[in-house]
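To start, the structure under review is shown below, and the notes come after it.
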Amino acid sequence: MSKGGGSTQTSTTSIDPDVKAAYMGNLGYAQEVANQLGPQQFAGYNPQYAAGEAQIEQAAMGGAGMQNLDTAADLTRAGAGYVPREVGASQAAIQSYMNPYTQEVINTGLSDLEKARQAAIQQTGQQAMQAKAFGGSRQGVAEALTNQQYGTQAGNMIANLRSQGYTQALNAAQQAALANQAAGMQGAQFRMGAASQLGGLGQQQTAGQYQAGGALMNLGGARQQFAQQQMDAERNLNLQRLSLMQGAIGLNPANLGGTSQTPVYRNAASGALGGAMAGNMMFPGGIGAVGGGLLGLFS
């Protein structure tokens with residue numbers, strides 16, 4: 001005989017005490033780690049990195065390479081601005097090349113002419129005495145002609161010697177000017193060549209300093225990265241431990257325990273029908289069925 005109506009069913013489950021204790025300990029440790037976790041630290045520049053940076057800065061602002069480049073630029077400007085001297089000779093330059101013995105040669109020549117003049121005058125006097133015309137006008141005319149010829153020869157000699165000396169001095173001064181001009185051109189070309197070589201050397205020096213500085217910075221960066229990894233590892237040690245603990249027991253167990261109620265429902269019509277059928281079997285006739293149905297309905 002079935003009963004009709006509704007009711008509730010209560011079931012209680014509980015977690016393993018050891019698992020719950022481990023979970024609560026894990027939760028407490030996580031809170032402790034979170035409260036004690038310090039700020040993120042960053043490794044500073046090490047001496048190698050700082051040295052490389054300083055070397056690159058020095059090379060860019062005024063290192064040996066840049067100084068050589070500046071010197072090369074100065075030499076290039078000097079060579080490009082060179083103006084050859086005009087080939088010429090001033091009076092002062094000509095006088096500096098005059099033969100200092102010219103006057104002695106002139107004096108010697110004049111002395112020789114004077115001796116020749118005196119000899120000619122003496123010869124004229126002797127001829128006048130032989131002609132018994134000594135002291136006469138013919139003798140005076142002959143001596144005058146002799147003196148005139150001497151003066152002409154002396155003047156020509158002096159002029160020729162001085163002209164030769166001047167011409168030689170002029171040629172020497174002009175040759176010296178040409179030599180100075182050629183030397184100046186060679187000097188300008190030499191400065192231009194030196195400027196080119198020095199400029200290339202300056203570029204190589206600057207590039208080498210940059211490369212060396214970059215190598216130092218790379219070395220310092222690698223050491224800085226290693227130091228950062230050490231700092232991160234020290235900071236994250238407790239986090240790694242907590243991760244292992246979480247993997248072992250989990251932060252969320254499957255069931256923490258508790259109580260739940262489940263309602264139980266019964267079909268009244270089915271109860272009445274079942275009761276009627278049972279009553280009819282026990283007491284054939286309508287009275288048994290009616291009585292069984294009523295009992296099944298209110299059970």
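Hydrogens, waters and symmetry mates play no part in the numbers below; they use all other heavy atoms, side chains included.
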**OP:** Output yes when a side-chain donor or acceptor of Thr71 lies under 3.5 Å from a complementary backbone atom of Gln67, and no otherwise.
**Re:**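 Checking the backbone N and O of Gln67 against the side chain of Thr71, a donor-acceptor pair under 3.5 Å is found.
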**OP:** Using modelled atom types only, decide if a donor and an acceptor are shared between the side chain of Asn99 and the backbone of Gly165 within a distance under 3.5 Å.
**Re:**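 Judged by distance alone, no pair lies under 3.5 Å.
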Return the [atom1] to [atom2] distance between [X] and [Y], rounded to the nearest 0.5 Å.
X: Phe42; Y: Asp232; atom1: CZ; atom2: CG; answer: 8.0 Å
X: Asp112; Y: Met157; atom1: CG; atom2: CE; answer: 8.0 Å
X: Glu114; Y: Ile121; atom1: CD; atom2: CD1; answer: 9.5 Å
X: Leu170; Y: Ser163; atom1: CG; atom2: OG; answer: 10.5 Å

**OP:** Apply ring pair (Phe, Tyr, Trp, His ring centres under 6.0 Å) to Tyr49 and list each qualifying residue two or more places apart in sequence or on a separate chain.
**Re:** Tyr45
Looking only at heavy atoms, what is the nearest atom pair of [X] and [Y], with distance?
X: Leu110; Y: Ala154; answer: CD2-CB, 3.6 Å
X: Met98; Y: Ala169; answer: SD-CB, 3.5 Å
X: Gln55; Y: Ala212; answer: NE2-CB, 3.4 Å
X: Ala195; Y: Thr76; answer: CB-OG1, 3.2 Å

Original post:
Can you list the steps and then say if Gln148 with Leu145 is a side-chain contact (heavy atoms from CB on, under 4.5 Å)?
Top reply: CA-CA 5 Å; Gln148 182 181 4; Leu145 292 173; 4.0 Å; yes
Original post:
Who are the side chain to side chain contact (heavy atoms under 4.5 Å, CB included) partners of Ala43, not counting sequence neighbours?
Top reply: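 Applying side chain to side chain contact (heavy atoms under 4.5 Å, CB included) to Ala43 gives Gln224, Ala227, Gln228, Met231.
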**OP:** Tell me whether Ile158 is reachable from Tyr150 by hopping between hydrophobic residues (I, L, V, M, F, W, Y) whose side-chain heavy atoms are closer than 4.5 Å.
**Re:**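 Linked, Tyr150 and Ile158 end up in one cluster.
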Subject >> ILVMFWY network linking Leu113 to Leu161, side-chain heavy atoms under 4.5 angstrom >> reply: yes
**OP:** Kindly determine whether Met192 and Gln189 satisfy side-chain contact (heavy atoms from CB on, under 4.5 Å), including the steps that lead there.
**Re:** CA-CA 5 Å; Met192 293 293 288; Gln189 292 175 356; 5.6 Å; no
Subject >> Side-chain donor-acceptor contact under 3.5 Å, Gln164 with Gln168 >> reply: no
Subject >> Side-chain H-bond candidate by donor/acceptor type, Gln103 with Arg162, under 3.5 Å >> reply: yes
Could you tell me whether the side chain of [Y] reaches within less than 4.5 Å of the side chain of [X], counting heavy atoms only?
X: Asn171; Y: Gln174; result: yes
X: Ile56; Y: Gln209; result: no
X: Arg235; Y: Gln41; result: no

**OP:** Could you check Gln205 against Leu69 for side-chain contact (heavy atoms from CB on, under 4.5 Å), going step by step and ending with a plain yes or no?
**Re:** CA-CA 10 Å; Gln205 287 177 315; Leu69 287 175; over 6 Å; no
Subject >> Glu234 atom CD: more than 12 heavy-atom contacts under 6.0 Å >> reply: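 It does not: Glu234 CD has 12 such atoms or fewer within range.
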Original post:
So with a 6.0 Å cut-off around CD of Gln118, is the heavy-atom count from everything else above 12?
Top reply: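 Count over threshold, so yes.
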